[in-house]
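Read the structure below first, then the notes.
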Amino acid sequence: MSANEQAELPARYGSRFFIEGVPADKFPESGMSAEDAYQLIEEEMELDGDPGRNLATFVTTWMELPAKMMITENLHRNFIDHAEYPRTAEIERRCIQMLADLFNAPGETTGARCQGSSEAIMLGALAAKWRWRKAREAAGLDTTRPNLVFGADVHVVWDKFCRYFDVEPKTIPLQPGRYTIGPDDVEPLLDENTIAVAAVVGTTFTGHADDVVGIDELLRSVRKERELDIPIHVDGASGGFVWPFLYPEEAWDFRLEQVRSINVSGHKFGMVYPGIGWLVFKETADLPDDLVFYENYLGQTDATFTLNFSTGAAKMLAQYYNICRFGKQGYGEIIGAMEKNARFLGDQLKAGGRFELIGADEPQLPLIVFRLAAKDLAYDEFDVAAQLGAERGWMVPAYTLPPDAQEETIMRALVKENVSHAAGQTLADDLVHACETLDRKGGLHERDRERVKIGTGY
């Protein structure tokens, strides 16, 4: 490209790209200035949803400035290059040990830094399958029909694991008014081929926890009476950074005998931007050595236990930043403030009379789950969510629950560190205003309904 053509690029961006649109389907023949490329994308992001008003997502949408600076300064650092970046590897080890301590592990253990809880769950479930298979082989028993027991309140990644790694899913349906599982649900599904029971702490649908204590008691009884040693994997993707601070006396973690592995998402209530999850084992022996690869890469033998390979170290370093920055006291204060604001929002909605809360008197993530109190309206929760988004830009999902509670429709608002007391009041007022609009005009047209956020958030 000539100097004259380069000089004309700013003008061309303001005219040609403004009129003709942006590069989309074909690799562009020529480029543009850095400033124009930046502005082009910034303007497109202005058309996207506002993360600050996205109360559907569990993922962190705000971090303080020094943390963002630290992330930016380490975006070029490849986590997997342990020979070149030994301190990065050491920081991973520290994070795993500190999380193990937070989850009351009995001593030094192991685990893995992952892209998120999806990878962590895959790895934790694989470890359970390998341990089961090894025990069966040692006893001369068949290893061709493994199964995994979990409730319909789990994230879709559990179904993915079963399909990808040839494990039979034994899914426990939910019930109207009961959105978690306990030992009575689990017991009929257990057999000699069960590799593990997955229990959720902080469900995606309502923010509650499965009865991990009851399931642990059941599995200890099964181990004694039927000689089946079935472990629990706790999916603490959302609750792993909440329960230790809001409900420290509740046993759900390594204090329970059958809990052998836990995953947690650092990019949820661990308060790190997307891209970081953790898998922690109770003891080093819970990770089968067959799943660890030892390879000579760039002059050093590394042990790797991942589904991914090259990946950025910045979000992992951001997790270490948060742990050092806040400690137990700071995390407790921040999570406690989220909980306080969530209860305030819930009180405002309940006082207005238009909505009823779901499970607010039980241990729950910092969120509000609610539905319309009246049943004879000309509109429903999907209409409210769509109207709220159209009027005020709030992303508050409406969705039906999994089988057999699929007839129930609810709404849910996450209350994280960027949802202040004032924001809670504003959202409560905006929900009332959306209902008043719907009172006048009735339910939305189907085209308008398509704008509603119906997923449960990630």
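Since the model is a prediction, treat every value here as computed from it, not as a measurement.
- Side-chain contact annotation: Glu119 with Asn308, donor-acceptor N/O pair under 3.5 Å present.
- Between Ala100 and Phe254, the shortest heavy-atom distance links the atoms O-CD1, 4.5 Å.
- Taking the charged nitrogens against the carboxylate oxygens, Glu408 and Arg371 do have a contact shorter than 4.0 Å, which makes a salt bridge.
- Checked against a 6.0 Å centroid threshold, the rings of Phe305 and Phe293 do not count as neighbours.
- In this structure, Trp158 and Ile121 have side chains that are in contact, with non-hydrogen atoms separated by less than 4.5 Å.
- Of all heavy-atom pairs between Phe281 and Gly111, the closest is CD1-CA, 4.1 Å.
- Counting only distance, with no hydrogens or angles, the side chain of Thr110 and the backbone of Thr284 share no donor-acceptor pair below 3.5 Å.
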Check against ring pair (Phe, Tyr, Trp, His ring centres under 6.0 Å), Phe241 and Phe269: CA-CA 6 Å; Phe241 272 107; Phe269 289 99; 9.1 Å; no
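- When the shell of 6.0 Å around CG of Asp166 is examined, it contains 12 or fewer heavy atoms from other residues, nucleotides or ligands.
- Side-chain contact check for Leu40 versus Pro23: some heavy-atom pair is nearer than 4.5 Å.
- Salt-bridge formation is not detected for the pair Asp101/Arg94: no Lys NZ or Arg NE/NH1/NH2 atom is positioned less than 4.0 Å from an Asp or Glu carboxylate oxygen.
- A 6.0 Å sphere centred on CZ of Phe165 holds more than 12 heavy atoms belonging to other residues, nucleotides or ligands.
- The CG atom of Leu307 sits 4.5 Å away from the CG atom of Leu123 when rounded to the nearest 0.5 Å.
- Side-chain polar atoms of Ser261 and His233 form a donor-acceptor pair below 3.5 angstrom.
- No salt bridge links Glu137 with Lys134; every basic N to acidic carboxylate O contact stays at or beyond 4.0 Å.
- Aromatic rings from Phe205 and Tyr179 are positioned such that their centres are separated by 6.0 Å or more.
- Judged by the 6.0 Å distance and 45° axis criteria, Arg392 is not positioned over the aromatic ring of Trp394.
- In this structure, Lys315 and Gln115 have side chains that are not in contact, with every pair of non-hydrogen atoms separated by 4.5 Å or more.
- Using a distance-only test at 3.5 Å, with no hydrogens or angles considered, no donor-acceptor pair links the side chain of Arg53 to the main chain of Met395.
- Panel note: side chain Gln258, backbone Ile230; a donor-acceptor pair is recorded below 3.5 Å.
- Summarising the geometry of Ser238 relative to Lys268, their closest heavy-atom pair is OG-CD, 3.5 Å, with the distance given to 0.1 Å.
- Using modelled atom types and a 3.5 Å distance limit, the side chains of Tyr294 and Asp289 yield a donor-acceptor pair.
- A donor-acceptor pair shorter than 3.5 Å cannot be found between the side chains of Glu168 and Asn193.
- At least one donor-acceptor pair under 3.5 Å links the side chain of Arg255 to the backbone N or O of Glu250.
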Intermediate values then yes/no, salt bridge (Lys or Arg N to Asp or Glu O under 4.0 Å), Arg223 and Glu227: CA-CA 5 Å; Arg223 186 185 65 192; Glu227 296 185 346; over 6 Å; no
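- Here the closest heavy-atom approach between residue Lys416 and residue Thr57 is recorded as NZ-O, 2.9 Å.
- Of the charged side-chain nitrogens involved, at least one lies within less than 4.0 Å of a carboxylate oxygen, so that Asp185 and Arg178 count as a salt-bridged pair.
- Note that Arg113 lies in the cation-pi zone of Phe79, set by a 6.0 Å cut-off to the ring centre and a 45° limit from the axis.
- Put simply, CG on Asp184 and CG on Leu218 are 8.5 Å apart, with the number rounded to the nearest 0.5 Å.
- With a 4.5 Å cut-off on side-chain heavy atoms, Leu189 and Thr194 do not count as touching.
- Ion pairing of Asp159 with Arg163 is absent here, as no side-chain N (NZ or NE/NH1/NH2) approaches a carboxylate O to less than 4.0 Å.
- Within 6.0 Å of atom CE in Met69, 12 or fewer heavy atoms from other residues, nucleotides or ligands are found, so the atom counts as exposed in its surroundings.
- Atom CG of Leu414 is separated from atom CG of Leu345 by 11.0 Å, given to the nearest 0.5 angstrom.
- Closest approach of Ile368 to Ala342, counting heavy atoms only: CD1-O, 2.9 Å.
- The side-chain heavy atoms of Val201 and Tyr247, taken from C-beta on, include no pair separated by under 4.5 Å.
- Using modelled atom types, no side-chain atom of Asn341 and backbone atom of Met338 make a donor-acceptor pair closer than 3.5 Å.
- You'll find the side chain of Leu367 reaches within 4.5 Å of the side chain of Phe58, heavy atoms only.
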Stepwise ring pair (Phe, Tyr, Trp, His ring centres under 6.0 Å) test for His267 and Trp278: CA-CA 10 Å; His267 60 218; Trp278 299 95; over 10 Å; no
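- Within the 3.5 Å criterion, the main-chain N or O of Thr206 finds a donor-acceptor partner in the side chain of Gln364.
- Considering CG of Asp286 and CZ of Arg131, their distance stands at 5.0 Å, rounded to 0.5 Å.
- Between Glu84 and Arg77 there is no salt bridge, since none of the side-chain N atoms of the basic residue sits less than 4.0 Å from a carboxylate O of the acidic one.
- In this structure a side-chain-to-backbone donor-acceptor pair under 3.5 Å is missing from Asp81 to Asn78.
- In this structure, the side chain of Tyr331 engages the main chain of Gly270 through a donor-acceptor pair within 3.5 Å.
- The side-chain heavy atoms of Arg343 and Lys340, taken from C-beta on, include no pair separated by under 4.5 Å.
- A donor-acceptor pair under 3.5 Å is absent between the side-chain atoms of Thr180 and the main chain of Asp210, judged by distance alone.
- At least one donor-acceptor pair under 3.5 Å links the side chain of Glu381 to the backbone N or O of Leu372.
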Does the pair Asp253 and Val259 meet the rule for a side-chain contact (heavy atoms from CB on, under 4.5 Å), with working shown? CA-CA 6 Å; Asp253 52 16; Val259 173; 5.6 Å; no
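- Checked for salt-bridge contact, Glu64 and Lys68 miss the test: no charged N lies under 4.0 Å from a carboxylate O.
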Where do Glu257 and Leu219 land on the side-chain contact (heavy atoms from CB on, under 4.5 Å) test, with the steps shown first? CA-CA 9 Å; Glu257 197 169 334; Leu219 295 181; over 6 Å; no
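- Within the 4.5 Å cutoff, the side chain of Glu108 has heavy atoms near those of the Gln97 side chain.
- Here the closest non-hydrogen pair linking Leu148 and Phe161 is CD2-CD2, 4.0 Å.
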Take Glu407 and Thr400 through the test side-chain hydrogen bond (donor to acceptor under 3.5 Å, both in side chains) and record every step on the way to the result. CA-CA 7 Å; Glu407 298 304 317; Thr400 56; over 6 Å; no
Determine, stepwise, if the pair Thr109 / Val280 fulfils side-chain contact (heavy atoms from CB on, under 4.5 Å). CA-CA 8 Å; Thr109 184; Val280 183; 4.3 Å; yes
